[in-house]
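Notes to accompany the following structure.
One is the number of the first residue; the rest follow in order along the sequence. Remember, predicted model here, so these are calculated numbers, not experimental data. In listed order, ligands and their atoms are each counted from 1.
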Amino acid sequence: MKKAAIATLMLLSALAVGQVAPGAPGRTIGDFANVPEPPAQTLIRCGTLIDGQSGPRKQMSIVLDGTKIKEVLPSIHDGLGPSGTIGHLIRGEVIDLSNETCLPGLIDVHTHVLLQGDITAEDYDRQLLKWSPEYRTILGTQSARKALEYGFTTIRDLETEGAGYADVDIKKAINGGVIPGPRMQVATRSFDVTGAYPLLGYAPNVPVPHGVQVCDGADECRKAVREQIMYGADWIKVYSDRSYYIDPKPPAGITPAPALNDIPTFTMDELRAMVDEAHRQRHKVASHATAYNGVHNSVEAGIDTIEHGDYISDADLKLMIQKGTYYVPTLYVGEYVAEGRAKAGAPVWLDMIKISADTFRRAVKAGVKIAFGTDAGGFDWNINPAIEFELRVKYGQTPPEALRSATVTAAELLGMQKDVGSIEPGKLADIVAVKGDPLADITALEHVDFVMKGGVVYKKP
Ligand SMILES: [Zn+2]
């Protein structure tokens, strides 16, 4: 068995990141020339298995049929003979993770592969003014590879921040086996109104790029949604608020006070038009909504996911439960940018750390659907986005709840629950592993040492 395992690992090392398997004979050079192909059958032996649906089980085996999971069974029944012969596997590879905990591939539903950290306006402006979209795309391919190596086998990338439709191309290159990376759903350019989103503060006679697509008025915004979908947007993203402040006189009856308030960007007419057009074409809408008006208007307009949600009133949490709206808090990035933004003249960001922790606690208690998103790219891609798990547990989720938010719940948010989010027969073989017990110490998820996507190994211990 040992010999077989070593041989398998050597063979698998050829499939490690950066060396995709050659395409099948007869394929033409083009979009799908290099799709990595998994072995016909694979057996993974796990010390512990957390399948995403039930509690942890010891000494389990996962049988794969190509890209998919065929069977999950106790290792004593996996048919692996004592001398290395494989019982019911016809022609298979064996991956020995008997000292590891196997988990479903992690999902981050809020990333920016085309952004490389933006604490201050200066950081952001530099990327849009001094780096070409082509150079940013090259960096984006690196970010995508890093996400996969961290154990995120699926991501929802929530806008390119001025890099056009480059996310559609990165997704295409990953699906075509040109570069390694996670499965992606992409939002392309995102939307805001005139005067609300960087680059701002330049002289009126100096044309500068925008970090979003600007639209004003219900008809123009509806048309713009059609345009983004035409060019490959899976999701529509809108910015529904800006300019945050602690409201000394929060709107009457709004609890808890003091409310973090904002300037709402879109009118309700504009928001409703965008949501209607996206839903009409069976696409979903994510809303960057940080404070009171942004969240309230978004939920009222029927938006599918609330991003950040630093302040959400008790009444809006109730409304989110009624409507099935997902909450995607981003606790780590808030802490990451706070000091720098306070120094740059916006001390409200320091208060927002406490406000967002309080909102998170109330949302957990209320039972809102919470998915795992990090805003990676808003912070440096050299920081593992899994650092977000620690804060989720610190502020009120149990480790199983935090893990569920990044697997089953995230898969549901993406509408991919039939394919990913748990280790079950029929699903895609997106599997990661860590040493130790992530349910006892959630920081174990920051040290994923085995990554498989669609039956192909991209990282191994
Ligand atoms: Zn973001």
Side-chain angles (χ1 to χ4, degrees), residues 107-121 123-125 127-128 136 139-140 143-144 146-147 152 154-164 166-167 170 182 184-192 196-199 210-213 228 233-244 262 265 284-291 294-295 298 303-312 326-338 340-341 349 352-353 356 359-360 370-381 383 385-388 391 405-406 410 413-414:
I107 303 171
D108 186 339
V109 300
H110 190 134
T111 66
H112 301 278
V113 294
L114 287 141
L115 197 60
Q116 309 301 327
D118 67 321
I119 295 177
T120 62
D123 298 334
Y124 188 83
D125 290 18
Q127 293 182 53
L128 273 74
R136 293 185 59 199
L139 296 179
S143 317
K146 282 178 188 163
F152 293 94
T154 303
I155 61 174
R156 180 182 60 158
D157 204 65
L158 275 187
E159 83 142 321
T160 62
E161 309 281 3
D167 53 354
I170 289 177
M184 286 177 82
Q185 289 188 359
V186 299
T188 73
R189 301 171 61 195
S190 190
F191 291 107
D192 207 335
Y197 201 82
L199 304 189
H210 285 295
V212 291
Q213 182 167 5
Q228 289 192 0
D234 299 306
W235 281 77
I236 294 303
K237 184 188 179 188
V238 300
Y239 281 81
S240 55
D241 59 12
R242 67 183 180 93
S243 193
Y244 312 115
D262 55 38
T265 53
K284 286 189 274 190
V285 185
S287 175
H288 167 110
T290 297
V295 172
S298 298
I303 266 155
D304 302 279
T305 69
I306 294 292
E307 307 301 313
H308 313 300
D310 289 50
Y311 174 86
I312 307 178
Y326 288 87
Y327 168 40
V328 185
T330 54
L331 303 172
Y332 174 73
V333 73
E335 298 198 357
Y336 178 85
V337 300
R341 289 187 182 174
W349 285 87
M352 280 161 66
I353 294 176
S356 62
T359 301
F360 184 74
I370 301 176
F372 188 85
T374 65
D375 216 4
F379 55 90
D380 191 330
W381 275 100
I383 298 169
I387 196 166
E388 173 81 14
L391 293 175
S405 75
L413 178 151
L414 298 174

- Item | Minimal non-hydrogen separation, L331 against E388, with atom names | N-OE2, 3.0 Å

- Where the side chain of D262 meets the backbone of G294, is there a donor-acceptor pair that is under 3.5 Å apart? yes

- What about the rings of F379 and Y332, do their centers lie closer together than 6.0 Å? yes

- Message: Is there a side chain to side chain donor-acceptor pair (under 3.5 Å) between T290 and R242? Walk through the geometry before answering.
- Response: CA-CA 8 Å; T290 297; R242 67 183 180 93; over 6 Å; no

- Excluding waters, which protein N, O or S atoms are within less than 2.8 Å of the Zn ion (ligand 1)? H110 NE2, H112 NE2, D375 OD1

- Side-chain (T359) to main-chain (D310) donor-acceptor, under 3.5 angstrom: yes

- Note on the structure: Between W235 and the options V109, V285, D304, the side-chain contact (heavy atoms from CB on, under 4.5 Å) test singles out D304

